[in-house]
There are 2 protein chains.
Amino acid sequence: MNTKPLIDYFNKILPLDDEEKVFVEAFFKERRVKRRQFILQEGEICMHNTFVLEGCFRMYFIDDKGKEHNLQFAVENWWIGDISSFHAEEPSKLYIEAVENSIILQIKKEDQLNLFVDYPKFNRIFRVLAENAMVGLQQRTIQNISSTAEERYLDFLKRYPQFFNRISNIQIASYLGVTPEFLSAIRKKIAKS
Amino acid sequence: MNTKPLIDYFNKILPLDDEEKVFVEAFFKERRVKRRQFILQEGEICMHNTFVLEGCFRMYFIDDKGKEHNLQFAVENWWIGDISSFHAEEPSKLYIEAVENSIILQIKKEDQLNLFVDYPKFNRIFRVLAENAMVGLQQRTIQNISSTAEERYLDFLKRYPQFFNRISNIQIASYLGVTPEFLSAIRKKIAKS
DNA sequence: ACTGTTTCTTAAGATACCTTATGGGTACGT
DNA sequence: ACGTACCCATAAGGTATCTTAAGAAACAGT
């Protein structure tokens, strides 16, 4: 099992001692997920926190009209999960689907709670993670309420250039909150200028 | 100085012992802020974390066209601050302005960091706070990319009924990402039905 | 109580974005 | 290697939201 990227990731935030590394190795389980497979579906309770080793995921929800809306993508060294469902232990409204064949590391909610009690350092680490995620979401909210779709698309490309050749325009459109047809028009306009 | 609401607030998340209460009383400072006064302006580094005892604030940014966009409101028992600037110690792009005469409790960044080291329980508390904030922002992102302005307004009223008689429609429109004129049209339509 | 400022509303014309439909190209599973 | 499903582009007509301008009502500071 390959926990090295995860341990490196934690080390960058706050260096781990050996005992903490052992815990990580013991309680994060590697799992392979095929393209199109779900690691969470609406109605299920999110019982794992997931770290992506390889591959790509999207998290989305389906509105009353049956339309999908992407909330987040996750590639190597990103976290993904429905925090809301995870914490409240309520049925999730979200889907998390592998966009590519992927490899992930997962920790069970129960084990993560023990982690927080037995190794307090992880409270600091996960606080930092949550705060970083907040900053990202706040940034996205700023974009959503103040920018046009074209500006949002350009910002998306600048912010996540890794996604450009990896995620279809349909998925990007869904993330930006526009129809694929309109994104196509935007791309045409950008190409011309 | 009235730290009781803050201690009650912490106790609800994770009960504090006496030593921790003393720390809170020692390091959170009460401050009175008049209507229209700023506790943070663009260009400043956000050096405090703020808890609202009384009154109401709005946090906003100004886009390249000079337009204001509200990111968040905060009333009694809410936190407010530019986390991004607070953590990175970079100049903020945001303004935080008192909408009413207000009373707040503030802790300096330095003291909050000591708090995390000396009283690890606060790592858990602030991790929970950050996670709650994430859930809220995620919810708002969902709304932004999938709902019409009318739906967003109705959801806003349902979620924050306290704001209805307290915050002007201009401020609500800015929070929702629409013009005041259009919000006015929405309100007219809702009133009819 | 007065006065200046801010707020809310209305309306007309403009722009951003959506819906539906269609066709050609490309990638995936077998 | 094949067929099928998916992806991307284009276009026409429709809806949501913005811009500008103006007036009436409510409010804040003195």
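In this text the structure is predicted, and so the values were computed from the model without any measurement.
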Task: Sugar-phosphate only, base, or nothing, as touched by B:Lys65 at under 4.0 Å among non-hydrogen atoms - done: nothing
Task: Nearest listed nucleotide, side chain of A:Ile170, among D:dC8, C:dC17, C:dC28 - done: D:dC8
- [ ] Apply the ring pair (Phe, Tyr, Trp, His ring centres under 6.0 Å) test between B:Phe73 and each candidate in B:Tyr60, B:Trp79, B:Phe163, B:Trp78; give the one that qualifies.
- [x] B:Phe163
Open item on the list: For B:Phe86, give me all partners under ring-ring contact (aromatic ring centres under 6.0 Å, His included), at least two apart in sequence or on another chain.
Closed with: none
Open item on the list: I need the CZ-P distance between A:Arg35 and C:dT30, as an integer number of Å.
Closed with: 12 Å
Task: Rounded distance in Å - CZ (B:Arg166) to P (D:dA26) - done: 22 Å
TODO: Could you check how far OH of B:Tyr153 sits from C1' of D:dA16, rounded to whole Å?
DONE: 18 Å
Open item on the list: Closer than 4.0 angstrom, basic N to acidic O: yes or no for A:Arg166 and A:Glu100?
Closed with: yes
Open item on the list: Students often mix this up, so state it plainly: with edges at 30° and 60°, are the rings of A:Phe10 and A:Phe126 parallel, tilted or perpendicular?
Closed with: tilted
- [ ] For residues A:Phe156 and A:Tyr175, establish whether the separation of their ring centroids is below 6.0 Å.
- [x] yes
- [ ] Taking only heavy atoms on the protein side, list every residue of residues 178-189 of chain B lying under 4.0 Å from any atom of DNA chain C, sorted numerically.
- [x] B:Glu181, B:Ser184, B:Arg187, B:Lys188
TODO: To the nearest Å, give me how far apart CD1 (A:Ile167) and C1' (D:dC8) are.
DONE: 17 Å
Task: Whole-Å gap separating P (D:dC7) and CZ (A:Arg36) - done: 6 Å
Open item on the list: Just the rounded figure in Å: distance from P of C:dC8 to CD1 of B:Ile190.
Closed with: 15 Å
Task: A:Lys12 and A:Asp8 ion-paired at < 4.0 Å - done: no
Open item on the list: Less than 6.0 angstrom separating the ring centers of B:Phe122 and B:Phe116, yes or no?
Closed with: no
TODO: Take the protein atom CZ of B:Phe164 and the nucleotide atom C1' of C:dC8, then report the distance between them rounded to whole Å.
DONE: 13 Å
- [ ] Check whether any side-chain N or O of B:Thr148 sits under 4.0 Å from OP1 or OP2 of D:dT17, and answer yes or no.
- [x] yes
Task: Euclidean distance, atom CG of residue B:Asn165 to atom P of D:dA26 [Å, nearest integer] - done: 14 Å
TODO: Return no unless some side-chain N or O of B:Asn169 is found under 4.0 Å from OP1 or OP2 of C:dC8.
DONE: yes
